[in-house]
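Here is the naming used below: chain letters follow the sequence lines, and residue numbers restart at 1 for every chain. Since the structure is predicted, the reported quantities are computational estimates derived from the model, not experimental observations.
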Amino acid sequence: MNNPVENQPSSSTEKRRFPWVTAIISSVFLIGLLVVLGLWMKQSKVTSLEIGANVPDFSVTTFDGETYTKSALEGKLILINFWSSWCSSCDEEGYALEEVWQEVKSSGDIVFLGVNYVDTEKDSITFLNKYGITYPNGPDLGSKISRIFKVQAVPETYIIGRDGTLAAIKIGAFESADEIRTLLEKAAQE
Amino acid sequence: MIANIGFGLLVITIVTSLIAVITAIYGVTSKTRAMLETSRLAALSAFPLLSMSIAALITLLLSGKFEYVYVYQTTSLSMPVYLKIAALWGGQQGSLLFWCWLLSGFTFIVLIRKWKQDHDLLPWVIVVTNITLFFFMVLVLFFENPFLKYYIMYNGEVITSLFQPFHAITAHPTDGSGLNPLLRHYGMVVHPPMLYLGFVGFIIPFAYAIAALIEGRTDDRWLKATRRWSLTAWLFLSLGLVLGSRWAYDVLGWGGYWSWDPVEISAFMPWLTGTAYLHSMVMQDKRGLFKHWNVALIILTFCLVIFGTFLTRSGLFSSVHAFSESQIGPAFFIFIAVMFVVSLGLLLFRWSRLSSGYQIKSFFSRESAFLYNNLLFLAIFAICLLGVIFPILSELFTGQQVTVGPQFYESAAGPLFALLLLLMGIVPLTAWSTSSARNLGKTVWKPALISLIFPIAAVILGARNWIAVIAIWLAALVICVTLYDYIRSIGLRAANHHEPWWKAFLTLTTRNRRRYGGYIIHLGVALMGLGIIGIEFFQTQTQAMLKLGESLDLSGYTITYRDFQIADTPDGRNVARVEISIARNNQELKVVYPRIDYYYDSEQAVTIPGLRTTLADDLYVILVDWEPVTSEAATIKAFRNPLMNWFWIGSIVAVFGTLLALWPSRERKLNTKEAA
Amino acid sequence: MRGKNLLIISMAIVFFCFATPVRAQEITPTVSDDEVNRVAQELYCPVCENTPLDVCPTKACAQWRELIREKIALGWSEQQIKRFFAEQYGGQVLAVPPLQGLNWIVYVLPPLVVIGGIYLAVTIVKRSRKSVIPEKKDPFQSPLPAPETVMKQIEKDLHKEE
């Protein structure tokens with residue numbers, strides 16, 4: 001390549017000293033920014049808890065004032081159903097869950113927990129009474145529990161096995177009571 | 001068949017872009033002319049190839065071939081033709097392809113026009129643009145392919161695939177799910193292409209800057225050669241932002257036009273650094289100042305452009321723009337990181353060669369004003385970046401989700417915008433090089449005095465918020481000083497050359513397009529500022545459930561609910577419409593029809609406001625809800641947005657100013673003729 | 001602690017409202033939509049991110065607006081309602097992060113950016129002024145294109161005038 005203007009007009013009579021401080025500060029800042037974004041992306045890639053993963057401890061205080069803590073329920077099968085009164089497919093599912101609950105509640109080793117996802121208490125209680133739901137239900141205060149399970153939308157159901165790890169996941173509404181029974185049996189065997 | 005051709009063309013393009021990069025690097029290092037020519041041809045070929053591929057996709061969209069995933073997801077039978085074409089950028093896959101097409105087109109134009117003139121820089125320009133193109137083509141081909149088809153497997157499962165899998169049959173949906181109804185608006189039809197034109201336009205100056213750094217050609221040529229590219233890119237980016245605002249105003253039913261949403265900000269950030277660059281570019285051009293700074297700014301702008309594309313396209317943030325989510329985030333992330341580190345490395349490598357020869361001599365000189373301008377834009381940018389990044393930081397380190405809403409941006413960046421107005425007001429009267437506060441004061445006091453009329457008028461009209469009054473004064477200062485300077489120059493020229501004033505005006509304007517173009521942009525921005533002040537400080541709103549015939553009162557207006565209709569339309573909507581009469585002092589001013597359109601195909605509702613707009617204020621009425629059975633009562637919400645119209649008027653003025661600054665000057669035309 | 005009390009109180013209230021719907025209806029209409037919106041616009045919808053509650057069109061948001069209406073009817077202040085929402089649904093419902101922990105960054109950094117900017121402006125101009133080197137040739141004198149000379153003439157004329 002012929003380079004006609006190699007001898008540029010030497011306007012720089014004094015060599016500006018290299019701004020080390022600025023360079024170092026900005027590169028540290030930059031690397032920090034990239035690391036943060038990278039970590040974020042890595043973290044947000046995990047869409048939900050995986051089966052077999054250990055579920056952190058949490059507790060639900062129901063609308064009736066009872067408190068259910070995960071660690072205290074160890075050895076039992078826990079079905080956690082995230083729902084909302086404003087969710088259109090939660091009502092049908094509520095019926096099905098209640099039907100299964102009536103069958104299993106006497107056995108004592110299966111617990112159903114309805115976790116009310118970002119909802120108002122008034123509407124939730126109306127909902128529960130309207131559909132005759134009797135298994136324990138409580139609000140997800142500060143959205144803490146739904147964040148553990150990385151809930152994207154309601155309804156979502158998770159079953160925690162007797163060893164405290166996640167045994168089954170159902171995203172979306174159950175279509176029938178049978179589907180719930182099958183999933184519970186599957187989770188019990190794990 | 002058409003899809004296969006379209007896809008095949010994409011495969012060829014990715015190969016040619018790779019060839020262009022390799023041959024360009026090889027050609028420059030080995031000084032082989034034939035290699036460089038190969039590189040040029042390969043780079044040129046991308047544009048026709050992608051054009052044909054785009055044509056194939058448009059054909060599919062128009063012919064309603066719903067077996068193709070993209071066609072199914074973005075169009076439906078009931079959509080009009082122009083929306084079917086707009087569906088090209090209505091979805092993730094199509095918009096990425098569109099982005100590639102623009103980049104190839106811009107590279108094409110540069111290569112056609114400048115190959116002889118900038119023969120030393122252009123191989124590197126090819127390298128930069130084609131690496132970028134290659135990256136985006138990888139995304140299009142391997143992650144976001146627009147030519148995928150639906151197939152039904154033997155077990156009844158529906159899958160998407162490019163080629164027909166074994167034992168599968170093609171699915172033939174009879175109708176598509178249709179474009180997101182929020183996007184079916186003229187503002188949204190033109191907003192993405194404008195934004196993309198702006199985004200992609202900034203890649204050309206960036207490529208030139210990198211080429212100049214690599215070649216060690218650290219004079220001003222890269223900057224001068226791309227001056228008009230930068231200005232054009234800025235124009236489109238600004239237009240994109242304004243049209244996006246107009247869309248939000250017309251369709252989202254917020255009563256406003258800007259909500260400091262992360263995705264809006266991600267388009268605003270390259271605009272901020274790009275605007276800073278446009279100003280500091282002038283300084284290097286005229287004074288040889290800010291040489292490092294200009295390179296740094298264009299690198300930053302490029303990275304923000306990619307970042308902006310990434311934010312809107314990867315679903316990193318949920319917002320009104322979260323129409324799509326995909327897995328391309330990490331790829332974007334790595335690309336930005338690599339490009340940023342490499343270009344900054346190059347800048348540091350050439351640091352000592354880029355020294356400025358000229359100094360700033362006074363705090364009140366025009367040079368200083370440009371410096372302050374740049375610092376202000378960068379500070380606003382830093383605040384925006386903080387606002388966007390902070391929720392991520394918080395969730396990462398404390399596990400808490402937080403929202404950084406408009407209040408943050410308004411209180412943090414608001415004063416800086418005010419300072420920018422002040423600067424814009426003073427700058428036409430500052431002198432180059434040496435200027436003192438005294439000299440500045442001497443020239444500024446007359447227009448400053450005139451500008452006081454505005455805030456005084458505002459106070460008389462009832463404005464009591466002193467921040468708002470100051471803001472109005474600043475916007476008025478810009479208008480008065482700019483006009484004062486303009487008129488004074490016209491007067492002087494008319495006197496010196498014994499010309500009539502209109503002739504003096506024409507010669508001044510046409511001979512100093514950049515200067516007066518800039519002034520007109522400033523005027524436009526000041527007018528937009530008035531609109532922003534109006535809605536920020538003086539917006540009033542009210543809402544109530546009304547029975548037929550009842551009315552609402554809002555700042556002197558009476559808003560009466562007169563009628564309700566609900567009906568299905570042939571294009572697949574259910575429209576609930578109310579008739580609202582707007583009156584003042586018992587005199588009816590206008591009847592508006594706010595409505596809620598429910599789209600059956602995508603199961604979404606869109607709130608369309610009823611608008612009465614004047615130069616003084618906008619009355620913005622929306623239908624919030626209605627009684628489903630009796631439809632006798634409806635909840636109506638009304639906003640009064642004072643001065644809002646000046647925002648749109650100002651943006652048109654600014655566009656006019658930009659076009660003036662862009663128009664090739666006579667000398668330039670002569671030069672090109674000589675060259676030819 | 002305070003949060004728990006609030007919760008118990010609010011639950012009691014909810015039960016009360018539910019048990020006596022007639023009375024609840026008597027209470028609610030006294031709170032106007034405008035009063036509700038004044039609070040709602042400072043709160044964000046917890047599910048549809050980045051949408052303020054007052055303009056959010058979903059059913060869930062309508063329910064939250066009703067909740068705000070009830071709270072106002074019970075005489076709660078805006079601050080109390082906001083705190084209640086943050087406890088119920090998490091910090092992201094607040095338009096601006098509350099002043100605690102890492103959130104300080106949001107409040108401290110912008111002023112620091114401004115101060116840093118002022119410092120930069122002053123040092124750049126000062127340093128530049130100090131290092132003014134006797135120029136052999138003023139870059140102004142380099143042949144400027146015609147329009148610039150015209151402008152220079154005008155500017156000179158202007159200065160003369162003053």
Considering only heavy atoms, which portion of [X] lies under 4.5 Å from any heavy atom of chain B: side chain, backbone, both, or neither?
X: C:Gln100; value: side chain
X: C:Ile118; value: neither
X: C:Leu94; value: backbone
X: C:Val114; value: side chain
X: C:Val113; value: side chain

Which bit of [X] is near chain C, if near means a heavy-atom gap under 4.5 Å: side chain, backbone, both or neither?
X: B:Thr635; value: side chain
X: B:Leu419; value: neither
X: B:Ala382; value: side chain
X: B:Pro406; value: both
X: B:Thr398; value: side chain
X: B:Phe408; value: both
X: B:Phe397; value: side chain

Considering non-hydrogen atoms only, spot the tightest contact between B:Ala633 and B:Met545 and give its length.
-> CB-CG, 4.1 Å

Looking only at heavy atoms, which two atoms of C:Asn103 and C:Pro98 are closest? And how far apart?
-> ND2-O, 2.8 Å

Mind checking what makes disulfide bond (SG atoms under 2.5 Å apart) contact with C:Cys61, not counting sequence neighbours?
-> C:Cys56

Most chain B-contacting option - heavy-atom pairs closer than 4.5 Å, from [options]:
options: C:Val55, C:Leu109, C:Ile124; answer: C:Val55
options: C:Ala121, C:Gly117, C:Pro97, C:Ala86; answer: C:Pro97
options: C:Pro110, C:Gly90, C:Ala95, C:Gly91; answer: C:Ala95

Where do C:Glu35 and C:Arg38 land on the salt bridge (charged side-chain N to carboxylate O under 4.0 Å, His left out) test, with the steps shown first?
-> CA-CA 5 Å; C:Glu35 286 171 82; C:Arg38 203 166 300 132; 5.7 Å; no

Quick one, [X] and [Y] - any side-chain contact, counting heavy atoms below 4.5 Å?
X: B:Gln541; Y: C:Gln41; value: yes
X: B:Ser266; Y: B:Val388; value: no
X: B:Leu420; Y: B:Ile380; value: yes

Do we get C:Lys71 above C:Phe84's six-membered ring, with its NZ or CZ under 6.0 Å from the centre and within 45° of the axis?
-> yes

Between B:Trp260 and B:Tyr409, what is the ring plane arrangement, given parallel below 30°, perpendicular above 60°, and tilted in between?
-> parallel

Using side chain to side chain contact (heavy atoms under 4.5 Å, CB included) as the criterion, point out the one residue from B:Leu623, B:Ile622, B:Thr542 that pairs with B:Lys637.
-> B:Ile622

